[in-house]
There are 2 protein chains.
Amino acid sequence: MAVDLVIFTIIDAQLRVLLVRRGEAPFKGAWALPGGFVRVGESPRAQGEDLDAAARRELHEETGLDPERVHIEQLATFGKAGRDPRTRVISVAYFALVRPDLAPIVKAGGDAAHAQWFPVEGLGELGLAFDHGEIFEVALARVRAKLEYSDIAFDLVPLTFTIPELRHVHAIVLAKEMDPGNFRRRFNRMLEDGFIEQAPGKRITASKPATVYRFKRR
Amino acid sequence: MAVDLVIFTIIDAQLRVLLVRRGEAPFKGAWALPGGFVRVGESPRAQGEDLDAAARRELHEETGLDPERVHIEQLATFGKAGRDPRTRVISVAYFALVRPDLAPIVKAGGDAAHAQWFPVEGLGELGLAFDHGEIFEVALARVRAKLEYSDIAFDLVPLTFTIPELRHVHAIVLAKEMDPGNFRRRFNRMLEDGFIEQAPGKRITASKPATVYRFKRR
DNA sequence: TAAATAGTGTCTATGAGACATTATGTA
DNA sequence: TACATAATGTCTCATAGACACTATTTA
């Protein structure tokens with residue numbers, strides 16, 4: 001019983017996923033999703049950790065990040081026989097979204113040769129260990145779908161942000177440009193609905209400064 | 001490692017879920033979702049059955065239905081410590097949709113006292129065993145959500161159906177009346193898109209007969 | 001002929017997409 | 001002043017909701 005994590009962030013205007021290099025067989029030397037086994041206990045009293053807790057623990061172990069500051073969500077469970085050549089392993093996959101201002105901490109803290117942020121483009125040809133390529137594909141599709149109808153874009157942006165910055169997140173994740181005017185219209189509806197509020201100050205850019213906002217509830 | 005099934009059908013114009021009465025402790029005498037343990041093997045060669053295969057096997061064992069003729073889909077995995085008081089059990093939940101013309105077979109084949117179709121209304125107050133109440137709630141929410149943007153309505157209707165019949169399925173599942181004209185408009189778009197085709201004959205009713213259709217691809 | 005229900009048409013509001021235009025800062 | 005980009009406005013089209021109306025069958 002394992003958990004695997006598909007951890008996304010945005011670095012250099014690219015959507016990226018954290019991968020770790022395997023140090024042992026099988027798939028020694030290949031890149032894989034971070035993950036590990038769930039701590040389970042057989043006795044009625046000590047049954048071990050919750051699945052969600054295991055996912056948050058792995059997130060912390062691999063990135064050093066505080067799980068409270070990262071969006072983490074169950075994705076699906078992968079349990080084909082033979083997916084791990086050693087023995088039967090059923091893996092509950094989670095996806096996580098790390099705000100880009102927190103991503104550098106990961107690189108500084110971890111072993112750069114061991115863990116690395118890979119752009120999602122071309123990641124399919126990397127030949128991930130186990131069935132991790134498939135898990136990644138499912139995660140990417142889920143994140144893209146949820147971006148359209150949920151709040152998760154705010155988990156890929158610093159605590160304060162401008163409308164153009166949020167629009168870039170959409171463009172990067174969906175790999176498709178968004179119309180500035182139409183995006184602003186949708187954003188203004190969220191503003192009216194009270195999901196967002198204006199933050200003090202202006203974001204200084206190369207030209208006209210932009211209004212700064214922050215996500216309200218949470 | 002277990003699988004649990006939330007099996008839906010429509011009987012007497014009500015959305016219903018198949019529950020089984022537990023014959024053993026814990027929760028002896030309580031109603032529970034059908035399910036069972038996944039057959040796992042430790043050896044690299046014989047690792048046991050796939051998760052999806054386990055779900056289909058359980059479906060067949062509990063209902064006698066051919067899994068090929070039933071929509072079945074992974075829902076989520078429930079793994080809180082203590083959810084089974086005996087020992088640690090992690091359960092991968094699936095939901096299934098049984099066409100109403102197949103549902104009577106289930107009742108005829110099984111032990112009526114052991115397995116029963118319960119209307120979803122008031123099922124929360126039934127006090128299901130384990131965390132099955134929670135699993136049911138998640139499944140119901142998922143089915144309702146998918147009804148709006150996917151094909152699953154066709155899995156809750158006989159192979160041929162009329163527009164009013166399909167509309168009733170929506171009304172029953174969502175517990176909300178649909179406007180006949182507006183529903184027909186959406187239906188006609190699917191017809192133009194080639195998802196549906198007309199079937200021979202007419203459905204005889206108490207008044208004007210209705211045109212019969214069938215779902216195309218699969 | 002009355003009742004019931006299948007099936008059609010219309011009006012309005014909302015949101016998406018495409019795109020033109022204005023406003024306001026920096027270099 | 002030139003340039004970049006934030007911010008606003010407009011036109012069109014697709015769809016949803018509400019609802020009035022017509023068509024066709026049975027009792």
Side-chain angles (χ1 to χ4, degrees), chain A residues 13 144-151 153-154 157-158 160-215, chain B residues 10 13 144-154 157-158 160-215:
Chain A
R144 284 179 169 161
K146 288 204 77 166
L147 197 70
E148 310 267 23
Y149 67 88
S150 81
D151 288 348
F154 300 107
V157 102
T160 66
F161 51 86
T162 67
I163 298 180
E165 283 165 5
L166 191 67
R167 177 165 54 85
H168 281 124
V169 168
H170 277 77
I172 289 164
V173 174
L174 301 176
K176 190 183 78 176
E177 277 309 312
M178 310 287 293
D179 180 273
N182 298 338
F183 187 86
R184 185 173 295 270
R185 183 173 47 192
R186 268 177 53 183
F187 187 92
N188 282 333
R189 267 198 290 271
M190 286 191 281
L191 195 60
E192 287 164 21
D193 292 349
F195 289 105
I196 300 160
E197 64 187 355
Q198 204 173 329
K202 287 267 180 181
R203 182 82 83 242
I204 304 304
T205 70
S207 63
K208 178 177 175 179
T211 308
V212 179
Y213 299 89
R214 65 175 155 234
F215 189 58
Chain B
I10 291 178
R144 284 179 169 161
K146 287 203 79 167
L147 198 71
E148 309 268 23
Y149 67 85
S150 81
D151 288 348
I152 63 169
F154 300 107
V157 103
T160 66
F161 50 86
T162 68
I163 297 180
E165 283 165 5
L166 191 66
R167 177 164 55 85
H168 281 125
V169 168
H170 277 77
I172 289 164
V173 174
L174 301 176
K176 191 183 77 177
E177 277 309 312
M178 309 288 291
D179 181 272
N182 298 336
F183 188 86
R184 185 174 294 270
R185 185 172 48 193
R186 268 176 56 184
F187 187 92
N188 282 333
R189 267 197 289 273
M190 286 191 283
L191 194 62
E192 287 165 21
D193 293 349
F195 289 105
I196 300 160
E197 63 187 357
Q198 203 174 327
K202 288 265 179 184
R203 181 83 81 244
I204 303 304
T205 72
S207 63
K208 179 176 175 180
T211 308
V212 179
Y213 299 89
R214 64 175 155 235
F215 190 59

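Note: hydrogens, waters and symmetry copies are ignored here, and every other heavy atom, side chains too, is used. Throughout, protein chains are lettered first and strands after them, A, B, ... in sequence-line order, and every chain is numbered starting at 1.
In summary, the aromatic rings of A:Y213 and A:F187 are positioned with their centroids under 6.0 Å apart. Centroid-to-centroid, the aromatic rings of A:F195 and A:F154 stay 6.0 Å apart or farther.
Nearest heavy atoms, B:T162 versus B:R203: CG2-CB, 3.5 Å.
Using a 4.0 Å heavy-atom distance criterion, B:T162 is classed as making no nucleic acid contact. Nucleic acid contact for B:P164: sugar-phosphate only, since backbone atoms but no base atoms lie under 4.0 Å from a heavy atom of the residue.
Chain B approaches DNA chain C over the interval C:dA4 to C:dT10, counting the first and last nucleotide 5' to 3' with an atom under 4.0 Å from its heavy atoms. Nucleotides of DNA chain D lying under 4.0 Å from heavy atoms of chain A occupy a range whose first and last members, 5' to 3', are D:dA4 to D:dT10.
The closest side-chain donor-acceptor pair between B:N188 and B:R185, if any, does not fall under 3.5 angstrom.
Of the two residues near DNA chain C, A:R185 and A:T205, the one whose nearest nucleotide lies more 5' is A:R185. Each of A:S207 and A:N188 has a nearest nucleotide on DNA chain D; the 5'-most of these lies closest to A:S207.
Looking at heavy atoms from C-beta onward, A:T211 lies in side-chain contact with A:K202 at the 4.5 angstrom threshold. Between A:P158 and A:R214 the shortest side-chain heavy-atom distance does not fall below 4.5 Å. Contact check for A:L147 versus A:H170: side-chain heavy atoms found under the 4.5 Å cut-off.
Between the axis at the start and the axis at the end of the helix from C:dT1-D:dA27 to C:dA27-D:dT1 there is an angle of 10°, using five pairs per end and rounding to 10 degrees.
In this structure, CG in B:D151 is found 8.0 Å from CE in B:M190, a value given to the nearest 0.5 Å. Atom CG in A:L174 sits 7.0 Å away from atom CZ in A:R144 (nearest 0.5 Å). For the atom pair CZ (A:R186) and CE (A:M178), the distance works out to 5.0 Å, reported to the nearest 0.5 Å.
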